[in-house]
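The shown structure was predicted, so the numbers you read here are calculated from the model rather than taken from an experiment. Just so it is clear: chains get the letters A, B, ... in the order the sequence lines come, proteins before strands, and each one is counted from 1.
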Protein chains: 2
Amino acid sequence: MITIQKVAELAGVSVATVSRVINQKKAVSAKTREKVEKVMKEMQYEPNMLGRNLRTSQSNLIIVMVPTISNPFYVKIMKGIEDAALKEGFHIMLCMTDSQYEREEAYFHLIRQKLADGIISLDPGTNFSKLLNGSKKYPIIQCCEYSELEDVPYVAIDNKEAAYKASKHLIQLGHKRIALINTDEHYIYASHRKQGYLQALKDYQIPALEEYMLNVELNFEHGQRGMRKLLQLKEKPTAVFCVSDILAVGAIKEIMRGGYKIPQDIAVAGFDNIEFSYMMNPTLTTIAQPMYEMGAEAGRMLIQQIKNKEEKIENLLLDYELIIRESTMG
Amino acid sequence: MITIQKVAELAGVSVATVSRVINQKKAVSAKTREKVEKVMKEMQYEPNMLGRNLRTSQSNLIIVMVPTISNPFYVKIMKGIEDAALKEGFHIMLCMTDSQYEREEAYFHLIRQKLADGIISLDPGTNFSKLLNGSKKYPIIQCCEYSELEDVPYVAIDNKEAAYKASKHLIQLGHKRIALINTDEHYIYASHRKQGYLQALKDYQIPALEEYMLNVELNFEHGQRGMRKLLQLKEKPTAVFCVSDILAVGAIKEIMRGGYKIPQDIAVAGFDNIEFSYMMNPTLTTIAQPMYEMGAEAGRMLIQQIKNKEEKIENLLLDYELIIRESTMG
DNA sequence: GTGAAAGCGCTAACAA
DNA sequence: TTGTTAGCGCTTTCAC
């Protein structure tokens, strides 16, 4: 292995000078710089980052915690984070937590061990206060799905407003019996989306019925199962608002299995605009969050925090968009 | 920050002893071990991995190169890799290459820089000989989609056989006009799958028609576009074998847009068994690769290689399965 | 503009 | 079983 010492020796300078050249410091004469660069190139020298990391006590690695990457919602966010990271010389470590505290804890460990410089969490259930355990602050950003309880900066959209808009869309199509397939409301985003739904019903004088409001786990099967329940009601809903596309996909599957037509018999709206939402039959009406931008912003915010730990980071709310497709307007 | 020195001092032992305790070496008396562990706990000591990494010249990080994670095919593989890695104390860095050589090169750099110990590539297009550039060997494994040209160990399935089985299934349903939506055949897996398709046609005396064989890019839009072309033929195919589910999803979309029924008018088979293949309408007949196991095996093989660079790693072919669903047997 | 030297936190060879 | 010590490759302070 060729080290900085060897380069220094061959170039007839000190290691300090070589280090200056590597790190683009200006305090090097053009002549010396050229000489060193020539040797580095000839020897195919590659700085050993482990040495640098120990010395600078920084790893230039950031952890991205996701419950699972099987929800395609995360894909573009990841891409946004990665691009933002690369721009600043950081790399990302993908960590799937299955929303289990033990796994989050294990990953958080990497920060204490200096193996990573910061964390972006895409998991709404992350219990940061428990993870941080009162210790000094580590750089953390919540992305998309956040908890206001935690004093951790986040980038997200206004979920209440977005859910209101989606519900209003269904109402304006003439629907009066609108169901909500929601998920665990201790997630702030879920509770906000429900608030938006309820507000819309209220504003248009539609009674909110308990039996139309379900809370299920966030996956395809539970979307299906939830819909099955709704279809068993005497007064079936004519529209369903799912707080996640993956739930909507399950609901649609179940509706079609029951022989109903979408949107004629039952209209469906989702939330997230995952890629499959426009590939499926029917295509899915949904709320598009600016996923790439959210990821990119989260990355930017985190790195800012890593570089300047004192600085207070502001929360960020980005714009969303209602995308109307066949599942509500065949 | 609390270091090994401080722990040693407080426990009244040497740093060597503390190191031995940390690394579970046996050459420590129970009494000493207890004493040290007590201090570590009290002080909430966390070993600094940067120090260890520099000393051992190993990062315990492995790179997983994917063209993009927007193909859900990769999800379970990643999970398999991660689990295998965690078991051995490794973590994974997810690297999206967009199949661009420059990005692969950039990630490969991390290995030369000692920031990562090895690579698992899920990208069939990776040009390893160019990356390696004649230099000494680095630990690399190809997973699922490999190139035999490169002298790099791989774990995969027998693509020819699997494609044969899928094609045979269509033939046995009575189809005579079977199209193939394939992708760039300089990918070995694509060329193998085509071979399987052709072999099946041959074995059952069905002529292989040029106009039924398309090569497109591996995404939804190109699946759609490919299908559109096929639908414009005078003699439309009655069945389509797509070498990837994502292409099949596009094809199905286009078939339904044209007002045709699946599978009555046109049957569709895919390849990969991505999650959406059973969520969609109709559900998709496909080849299931043992994705999790492939990932896990790849992880295991890579770590074995990292730990013992001399050892020759054997290629591995795993079993696959034809999963018959509505898109061929409504 | 350049060099000498200290030291980041850890492991491991060697000595005791 | 335990301690002493060198040193992994790098950055950075302080002199010159």
Side-chain angles (χ1 to χ4, degrees), chain A residues 1-40 43-61 89 109-117 307, chain B residues 1-40 43-61 89 109-117 307:
Chain A
M1 165 175 257
I2 153 108
T3 69
I4 200 173
Q5 278 87 354
K6 206 158 288 173
V7 173
E9 193 181 317
L10 288 169
V13 298
S14 73
V15 292
T17 299
V18 178
S19 175
R20 287 184 190 110
V21 172
I22 294 168
N23 295 289
Q24 324 258 33
K25 307 272 188 205
K26 40 193 64 180
V28 184
S29 74
K31 202 184 289 179
T32 313
R33 159 162 286 125
E34 222 168 286
K35 196 168 52 179
V36 172
E37 277 169 348
K38 185 155 162 284
V39 174
M40 292 202 298
M43 305 305 297
Q44 302 197 51
Y45 167 69
E46 299 280 353
N48 181 324
M49 289 305 164
L50 300 179
R52 173 184 296 174
N53 287 351
L54 175 58
R55 179 59 225 231
T56 59
S57 201
Q58 198 179 297
S59 65
N60 279 29
L61 235 48
H109 225 71
L110 300 179
I111 298 229
R112 296 201 201 93
Q113 296 178 144
K114 297 269 179 196
L115 255 183
D117 297 335
K307 288 188 171 165
Chain B
M1 164 175 259
I2 152 110
T3 69
I4 200 173
Q5 277 89 356
K6 207 158 288 173
V7 173
E9 193 180 319
L10 290 168
V13 298
S14 73
V15 292
T17 298
V18 178
S19 175
R20 286 184 192 108
V21 173
I22 294 169
N23 295 290
Q24 325 258 33
K25 307 272 188 205
K26 40 194 63 183
V28 184
S29 73
K31 200 183 292 180
T32 313
R33 159 162 286 123
E34 222 169 287
K35 196 167 56 179
V36 172
E37 277 169 348
K38 183 154 164 285
V39 174
M40 292 200 299
M43 304 306 296
Q44 301 197 48
Y45 167 68
E46 300 281 354
N48 181 324
M49 289 304 164
L50 300 180
R52 174 185 295 176
N53 288 351
L54 174 58
R55 178 60 223 229
T56 59
S57 201
Q58 198 178 296
S59 64
N60 280 27
L61 235 48
H109 224 73
L110 300 180
I111 299 230
R112 296 201 202 93
Q113 295 177 145
K114 298 269 179 194
L115 254 184
D117 297 334
K307 288 189 172 166

Provide, to the nearest angstrom, the distance between the CD atom belonging to B:Q113 and the C1' atom belonging to D:dC8.
-> 17 Å
Examine distances only and state if a side-chain atom of B:N60 and a backbone atom of B:G89 form a donor-acceptor pair shorter than 3.5 Å.
-> yes
Rounding to a whole Å, what distance do you find between B:N53:CG and D:dG7:P?
-> 21 Å
Using a heavy-atom cut-off of under 4.0 Å over every strand shown, decide if A:L54 touches base, sugar-phosphate, or nothing.
-> base
May I ask you to say what A:N23 touches in the nucleic acid, namely base, sugar-phosphate or nothing, with a heavy-atom cut-off under 4.0 Å?
-> sugar-phosphate
Heavy atoms only: give me the nearest B:S14-B:A8 pair and the separation to one decimal.
-> C-CB, 3.7 Å
Where the side chain of B:N23 meets the backbone of B:K25, is there a donor-acceptor pair that is under 3.5 Å apart?
-> no
Given side-chain contact (heavy atoms from CB on, under 4.5 Å), test B:I4 with B:I22 step by step and report yes or no.
-> CA-CA 10 Å; B:I4 200 173; B:I22 294 169; 4.0 Å; yes
Can you name the nearest heavy-atom pair linking A:A116 to A:S59, along with the distance?
-> CA-OG, 3.3 Å
Divergence of helical axes at both termini of the helix from C:dG1-D:dC16 to C:dA16-D:dT1 - five pairs an end, 10° steps = 30°
Verify the contact: side-chain N or O of B:T32 to OP1 or OP2 of D:dT1, cut-off strictly under 4.0 Å; return yes or no.
-> no
Determine, stepwise, if the pair A:E37 / A:M40 fulfils side-chain contact (heavy atoms from CB on, under 4.5 Å).
-> CA-CA 5 Å; A:E37 277 169 348; A:M40 292 202 298; 4.0 Å; yes
How long is the line joining CE of A:M43 and P of D:dG9, in whole Å?
-> 14 Å
Touch check for B:V13, heavy atoms < 4.0 angstrom, all strands: base, sugar-phosphate only, or nothing?
-> sugar-phosphate
Which atoms form the tightest heavy-atom contact between B:R33 and B:V21, and what is the distance?
-> CA-CG2, 4.1 Å
DNA chain C: 5'-proximal contact among A:V15 and A:K26 (nearest heavy atom) | A:K26
Pick base, sugar-phosphate or nothing for A:S57, based on heavy-atom distances below 4.0 Å to the nucleic acid.
-> nothing
Measure the distance from CD on A:Q5 to C1' on D:dC10 and round it to the nearest whole Å.
-> 8 Å
Rounded to the Å, how far apart are A:M40 CE and D:dG9 P?
-> 17 Å
Report yes if a side-chain nitrogen or oxygen of A:T56 is closer than 4.0 Å to either non-bridging phosphate oxygen (OP1 or OP2) of D:dC10; otherwise report no.
-> no
Please report, rounded to the nearest Å, how far the C1' atom of D:dT5 is from the CZ atom of B:R55.
-> 11 Å
According to the side-chain hydrogen bond (donor to acceptor under 3.5 Å, both in side chains) rule, which pairs have a member within residues 2-12 of chain A, sequence neighbours left out?
-> A:T3-A:Q5
Contacts of B:R20 and A:S14 projected onto DNA chain C by closest heavy atom; the upstream (5') one is A:S14
Taken to the nearest whole Å, CD/A:E9 to C1'/D:dG9 is 15 Å
Reported CG-to-CE distance for the pair B:N53 and A:M49, which is rounded to 0.5 angstrom = 14.0 Å
Nearest-Å distance, CZ (B:R52) to P (D:dG7)?
-> 22 Å
Apply the test side-chain contact (heavy atoms from CB on, under 4.5 Å) to residues B:Q44 and A:R112: give CA-CA distance (whole Å), side-chain angles for both, the deciding distance (0.1 Å), then the verdict.
-> CA-CA 10 Å; B:Q44 301 197 48; A:R112 296 201 201 93; over 6 Å; no
Name the first nucleotide and the last nucleotide along DNA chain C (5' to 3') that come under 4.0 Å of a heavy atom in chain B.
-> C:dG9 to C:dA13
